[in-house]
Amino acid sequence: MHGLINQSIQGFVCDTYGHTMWDGIMRQVDPGFAEFEAMLIYEDDITAAVIHAISKALDKPPEEVLEDVGTYLISHPKVGAVRRLLRFGGVTFEEFLHSLDDLPARAKLAVPDLILPRLELRDHSPQLFSLTVQPLPNVQVLFGHVVLGALRAMADDYGALVFLEHRGESEAGEMIDITLLEAAFAEGNSFELGMRPTS
């Protein structure tokens, strides 16, 4: 697993629950180091063990932990780059949804060795969509729950009223149902796709 992904999990724990909890989790997992490095590649088993340890420490199912990580990646000010990458997908939440198919390729432009699950959006009506999060080979982490948390936070960021449901796993991947109840339910957070002109 890429170090950036592991470091994001580390950041979630440290920024939300404190460094003491993170230190305890790493002592329990005992991978031989205390912190993840952003540009290294780690065994997938280490990531799975860390998530399991966090789940146990918080008394939450791993799926809820991963969803919280997804929300953290969008909403916490320390990781604004992720939100910015996603907001470049479109001016509206619907445009953003249609940009998700290209997200793994856009991420690779920034970090060439970062491999993310392929995303496939399907339109069922102007308000109903489904998103398939395809699994990565030999990876135990259910990225669909991270995506679910990120989608919730992005809907808030756009000011859209959205109902999301994780429908579970299949051979094709994890399926998320998306119902866009109201595109402009509230005022979204400010964001500019272009650069401001200089005077």
Side-chain angles (χ1 to χ4, degrees), residues 1-2 4-18 21-22 38 47 50-51 54-55 58 60-107 110-111 114 116-121 127-134 141-168 173-193:
M1 190 75 67
H2 199 285
L4 277 176
I5 295 174
N6 289 297
Q7 204 173 62
S8 297
I9 298 169
Q10 175 181 326
F12 159 72
V13 173
C14 291
D15 292 335
T16 309
Y17 300 101
M21 176 175 282
W22 177 254
T47 308
V50 167
I51 292 169
I54 297 169
S55 171
L58 298 177
K60 280 185 173 184
E63 295 80 8
E64 287 187 23
V65 171
L66 291 169
E67 186 174 336
D68 289 346
V69 171
T71 301
Y72 162 83
L73 288 172
I74 304 303
S75 60
H76 200 280
K78 283 190 177 180
V79 283
V82 178
R83 170 189 174 255
R84 187 164 183 82
L85 174 68
L86 295 179
R87 282 297 297 256
F88 268 106
V91 176
T92 66
F93 184 73
E94 187 175 355
E95 288 179 4
F96 155 72
L97 288 177
H98 283 99
S99 76
L100 289 174
D101 291 10
D102 300 325
L103 179 60
R106 279 188 283 143
V111 185
L114 177 60
L116 295 178
R118 289 185 59 190
L119 305 174
E120 182 181 348
L121 184 80
Q127 288 78 37
L128 299 176
F129 309 86
S130 61
L131 181 68
T132 303
V133 183
Q134 298 183 3
V141 177
L142 298 177
F143 279 98
H145 291 280
V146 179
V147 173
L148 182 67
L151 288 175
R152 289 193 198 284
M154 287 301 294
D156 289 343
D157 205 69
Y158 276 100
L161 181 61
V162 177
F163 177 75
L164 301 165
E165 182 180 8
H166 190 289
R167 289 177 50 197
E174 297 173 79
M175 184 73 72
I176 299 172
D177 284 343
I178 305 167
T179 305
L180 180 57
L181 299 173
E182 192 170 341
F185 177 72
E187 184 177 354
N189 295 327
S190 61
F191 182 78
E192 295 183 8
L193 290 176

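Just so you know, these numbers come straight off a predicted model, no measurement behind them.
- Formation of a donor-acceptor pair under 3.5 Å by the Ser55 side chain with backbone atoms of Ile51 is not found in this model.
- For the atom pair CG of Asp101 and CZ of Arg106, the computed distance is 10.0 Å after rounding to the nearest 0.5 Å.
- In this structure, the side chains of Leu85 and Leu103 come closer than 4.5 Å at one or more pairs of heavy atoms.
- Put simply, CD1 on Ile9 and CH2 on Trp22 are 7.0 Å apart, with the number rounded to the nearest 0.5 Å.
- Among the candidates Thr132, Leu97, Ile176, Val133, the single residue satisfying the side chain to side chain contact (heavy atoms under 4.5 Å, CB included) test with Leu119 is Val133.
- Put simply, the side chain of Asp15 does not reach to within 4.5 Å of the side chain of Val79, judged on heavy atoms.
- Using a distance-only test at 3.5 Å, with no hydrogens or angles considered, no donor-acceptor pair links the side chain of Thr71 to the main chain of Ala153.
- Annotation: the span from His166 atom NE2 to Leu131 atom CG amounts to 10.0 Å, rounded to 0.5 Å.
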* Asked: Do Val146 and Ile5 pass the side-chain contact (heavy atoms from CB on, under 4.5 Å) test, and can you show the C-alpha distance, the side-chain angles, and the key distance before you say yes or no?
  -> CA-CA 11 Å; Val146 179; Ile5 295 174; over 6 Å; no

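- Ring geometry for Phe12 against Tyr17 counts as perpendicular: the plane angle is over 60°, on a 0 to 90° scale with 30° as the lower cut.
- Side chain of Glu174 to main chain of Gly144: a donor-acceptor pair is present (N/O by atom type, distance under 3.5 Å, no hydrogens or angles).
- Taking a 6.0 Å sphere around CZ of Arg152, one finds it holds more than 12 heavy atoms contributed by other residues, nucleotides or ligands.
- For Arg167, the CZ atom is loosely surrounded, since the number of other residues' heavy atoms within 6.0 Å does not exceed 12.
- Under the 4.5 Å side-chain criterion, counting only non-hydrogen atoms from C-beta, Leu73 is in contact with Ser8.
- Within the 4.5 Å cutoff, no side-chain heavy atoms of Val162 are placed close to those of Thr179.
- Taken to the nearest 0.5 Å, the CD atom of Glu94 stands 8.0 Å off from the CD atom of Gln127.
- Arg87 pairs in a side chain to side chain contact (heavy atoms under 4.5 Å, CB included) with only one of the listed residues (Ile74, Asp157, Val82), which is Asp157.
- Using a 4.5 Å heavy-atom cutoff, the side chains of Phe96 and Leu151 are in contact.
- Contact check for Glu64 versus Leu58: no side-chain heavy atoms found under the 4.5 Å cut-off.
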